[in-house]
Amino acid sequence: MKNNIDLGVSLYGFTQRYIEEDGYNFREMFEDLNKLGIRKFELVGAQMFQNYPNPTDEEINEVMELAEQYDVEPFSYGGYVDFGKLPDHRMNDDEIMDQVTYDLMTAHKLGCKYIRGFGIPNHLYERVAQMAEFYQVVVAYEIHAPQRPSDPDIQELITIFKKLQSPWVGFVPDFGCYIEKPNELHIQRYMGLGAKRENLQYIIDNRWNGFTEEQMTQKIEEMGGGLAEQMAVSEWFGFLSFAPADIEGFKTVLPYSKYFHGKFYHIGEDCVETTIPYEELLGLVVESGFNGTIMIEYEGHSFYLNDAVEQIGRHITMEQRILAD
Amino acid sequence: MKNNIDLGVSLYGFTQRYIEEDGYNFREMFEDLNKLGIRKFELVGAQMFQNYPNPTDEEINEVMELAEQYDVEPFSYGGYVDFGKLPDHRMNDDEIMDQVTYDLMTAHKLGCKYIRGFGIPNHLYERVAQMAEFYQVVVAYEIHAPQRPSDPDIQELITIFKKLQSPWVGFVPDFGCYIEKPNELHIQRYMGLGAKRENLQYIIDNRWNGFTEEQMTQKIEEMGGGLAEQMAVSEWFGFLSFAPADIEGFKTVLPYSKYFHGKFYHIGEDCVETTIPYEELLGLVVESGFNGTIMIEYEGHSFYLNDAVEQIGRHITMEQRILAD
Amino acid sequence: MPTKFSRLGFEKRVIRPDGFYNILLNRKQVGFNLDLRINYYRGLPLSCVQKLEVEVDGEKIPEHLMQFQLREKVFTISELPNMYREYWGSKTPAQLLIYNYGLEPGEHDVNVTLEFKSPYMDFGPGEYGVIDGSAEELLQLGTAREL
Amino acid sequence: MPTKFSRLGFEKRVIRPDGFYNILLNRKQVGFNLDLRINYYRGLPLSCVQKLEVEVDGEKIPEHLMQFQLREKVFTISELPNMYREYWGSKTPAQLLIYNYGLEPGEHDVNVTLEFKSPYMDFGPGEYGVIDGSAEELLQLGTAREL
Ligand SMILES: [Mn+2]
Ligand SMILES: [Mn+2]
């Protein structure tokens, strides 16, 4: 590649086997990283530590020893703030800071340079920056669908980052924000549940033609759609939303982007991504002068096809082709 | 001995070294049991397990392995119901039953045949009896100073035990209920704090001559007593109370007594106990046909003299002499 | 808006024959054990458990007969909502101990209702996403084990 | 009536020089550590901690700079009253992590106010015995350690 961008893989992509198979653990995931020729990985604490947010020394040591054995490297730590876990109230600022500190402690023990932040309100990033500096781990706010970088709260965070001038906070943009149309597998899933392709195509074509979710639900009913089409409307107006990519917004977050989540759901044998404009997005990343890592985040486990290694392999081929141009 | 009564030692008697010295643990306590020629011991879970009420397997295994190595036997488990530990309310019946079950689980794992019960209300003994039968461990209510066996709630419990006819519940009378006068070491402690011996003697002689605590405090002030005498009144009317032994009450609990706590505070070189009528009490125990164990419970660690092995040794000599007669 | 209720496709993990057996104490049958796993992509603070009910062959187990064991700690069902510092990991089976004197040998219809709140999906004050981790299986009772 | 406040004679255990040192993160000094032990004959549920304050050389440490670590779990001071299923064992030191950029080398006057309720000594509804586990020592700051 002509640039200083490399690829990592989030272990989150191995969710299906990790959850379904008792015997598929860190060793097996690291073997899969070796197969893929990937060294850097992200680990989601809430998923893979059995004692979150304070994993035991035994858990940490297991990861470290196996990582050394398989020559792979904990690069980023997927953090959470489980702000709703208390029995009687939503976490207050001090309680949230405490959760952030736990993740910093763990990232520090793992040798991760980055945390994927989640659930940290904007006004706490000043306190976060200080704690992050103590631990020498960058806390990066994940911009995740259905958010878009042009959203006011993201723009507000840019202002905060400008003011703070701290190298210890920033963004991790997730490419899932730029899905422009549903994946064919999603369409087939709704068809499997009884939806008609022409109805689904109608929803897709008219998603951004001024319909509210309620109006579209009604329209599709009039067209003879049933429960399967209603589900499609609900998901495509919700957490599986798609839209023309917010490219201008993407440009504004690039100066504060610490690494990227190379999210994808499915890629064909031809290794061409058809739903997210990777060529354009990666072009802008290179243009911005970014030196760092795209952390590939496969989310197709939601189709239960048990094809993570194959899919991630195809995606790597695609990214390498784009970045080599 | 002419009877089927043997002696055990509660590890609680080793409290001072256990708490003060990092290196004094189960191994060292079992060595001390060996020195004393004692096999059976009681273990207070809240004191000696670092994860109470659910000790880890590691903690249980450590006790079991060392017990085998030193040829000593976990005989009884000192339980608690920490009914005040919840942030917002006193434990209800179900919560108390749960605590009792934890102690039963632990006693079962240790191979203890008895639990010293504490904090279990009378009306729960029917449920306790069922759970105790499941675990095949007897739960024995400890009759402890300042209670006396003639107290109405103890007499009520006798009625309940009569009705239940269960071999899985009963009493463990603590001989500390029968202290008839303060120990000389207590007297000296107050003198060390500035009390006059004649004032202390006045309190002792008149403890049961109709004075309330308030009246005695006033009287002793009139006699020129200060803070040290006030402390003596407070303690002697409270948890270091003494009184003519409730021998008639003691007889009523004997048929339901599963084992005994051979409580003592201090014994001289002559191995004669001067504050508790051991001869009379043990005579009644033998007379009742009791076959079982007196669990010696040294409490003199409250004087911080670090003399547990010597003191327990003297007490053993005394009990053996009485029981041999 | 995303739907407030979600249900993932790992329901075969929730209850399994290898975690279903009578429990003995000193060789006497006192109840049965049912291992429970989470049907989700990550683990959850134990306080997220909002509902946990078990029916065997159509008969509901009374709550006071159940103990919930996670690693080496044992809980009542009703105290689970307070246990926000205990973590039910994605690969960690919890044990449900049910003191009902045990079950007959053979096959049983085991129906577990298990609902969690998602601790990070909020839908307004005090309202969180709900994960349906329920499962129903015909399970063969395994060999009894000492507790 | 027994006195409601009690204090045992093991106060020399509460704070010790071997548990008093600056903490480093990547060789930068971020705070100091103070080990704490219980002055009591038994351990206590962590929820029994009613008051925990630290003064060093007469200056009080703000609560939000402190983390309380027991074995592998870390707590805020204010959440301790909820932690009734965490046990502070009689022999288990807890670590107080204090993010104040550390202390000067040498001797310091360390004053810990530590009060517990006794979970089994009741003096009426909601009123429990209080154990005073406070301690004050002149302690020599040990060698700094990586956290
Ligand atoms: Mn992502
Ligand atoms: Mn006793």
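All values below come from the heavy atoms of this structure, side chains included, with hydrogens, waters and symmetry mates left out.
Within residues 51-68 of chain D, no residue has any heavy atom closer than 4.5 Å to a heavy atom of chain B.
For B:Val44, no part lies under 4.5 angstrom from a heavy atom of chain D. For chain B, no part of D:Leu44 is nearby; none of its heavy atoms comes within less than 4.5 Å. For chain D, the nearby part of B:Phe49 is the backbone; its heavy atoms alone come within less than 4.5 Å. In this structure, the portion of D:Pro45 lying under 4.5 Å from any heavy atom of chain B is its side chain and not its backbone. Only the backbone of B:Glu21 comes within less than 4.5 Å of a heavy atom in chain D; its side chain stays farther off. Contact annotation for B:Tyr102: only side-chain heavy atoms (C-beta onward) come within less than 4.5 Å of a heavy atom of chain D.
Around CD of B:Glu58, the count of heavy atoms belonging to other residues, nucleotides or ligands within 6.0 Å does not exceed 12. More than 12 heavy atoms of other shown residues, nucleotides or ligands fall within 6.0 angstrom of atom NZ in D:Lys73. For B:Gln218, the CD atom sits in a loose shell: 12 or fewer heavy atoms of surrounding residues, nucleotides or ligands are nearer than 6.0 Å.
Annotation: maximal heavy-atom pairing with chain B below 4.5 Å, among D:Lys117, D:Arg71, D:Arg37, occurs at D:Arg71. Interface remark: of the candidates D:Leu46, D:Asn82, D:Leu8, D:Thr92, D:Thr92 forms the most heavy-atom pairs closer than 4.5 Å to chain B. The choice from D:Gly126, D:Gly9, D:Ser47, D:Pro81 that makes the most heavy-atom pairs within less than 4.5 Å of chain B is D:Gly9. Among the candidates D:Lys12, D:Met83, D:Arg85, the residue making the largest number of heavy-atom pairs closer than 4.5 Å to chain B is D:Arg85. When each of B:Asn25, B:Ile19, B:Leu86 is checked for heavy-atom pairs under 4.5 Å with chain D, B:Ile19 comes out on top.
Side chain of D:Lys91 to backbone of B:Gln47: no donor-acceptor contact under 3.5 angstrom is found. No donor-acceptor pair closer than 3.5 Å links the side chain of B:Lys85 to the backbone N or O of D:Cys48.
Aromatic rings of B:Phe83 and D:Tyr120 (six-membered ring for Trp) have centroids beyond the 6.0 Å cut-off, not under it. In summary, the aromatic rings of B:Tyr304 and D:Phe10 are positioned with their centroids under 6.0 Å apart.
Rounding to the nearest 0.5 Å gives a distance of 11.5 Å between OG1 of B:Thr15 and OH of D:Tyr40.
Residues D:Tyr41 and B:Tyr18 form no side-chain contact, since every pair of their non-hydrogen atoms from C-beta on lies 4.5 Å or further apart. A 4.5 Å side-chain heavy-atom check between D:Ser90 and B:Gln50 finds at least one atom pair inside the cut-off.
Nearest heavy atoms, D:Tyr84 versus B:Pro87: CD2-CD, 3.7 Å.
With sequence neighbours excluded, no residue satisfies ring pair (Phe, Tyr, Trp, His ring centres under 6.0 Å) with B:His266.
Figure legend: cation-pi geometry between D:Arg42 and B:Tyr80, with NZ or CZ positioned under 6.0 Å from the six-membered ring centre and within 45° of its axis.
The residues B:Asp22 and D:Arg16 are annotated as salt-bridged, a charged nitrogen and a carboxylate oxygen being separated by less than 4.0 angstrom.
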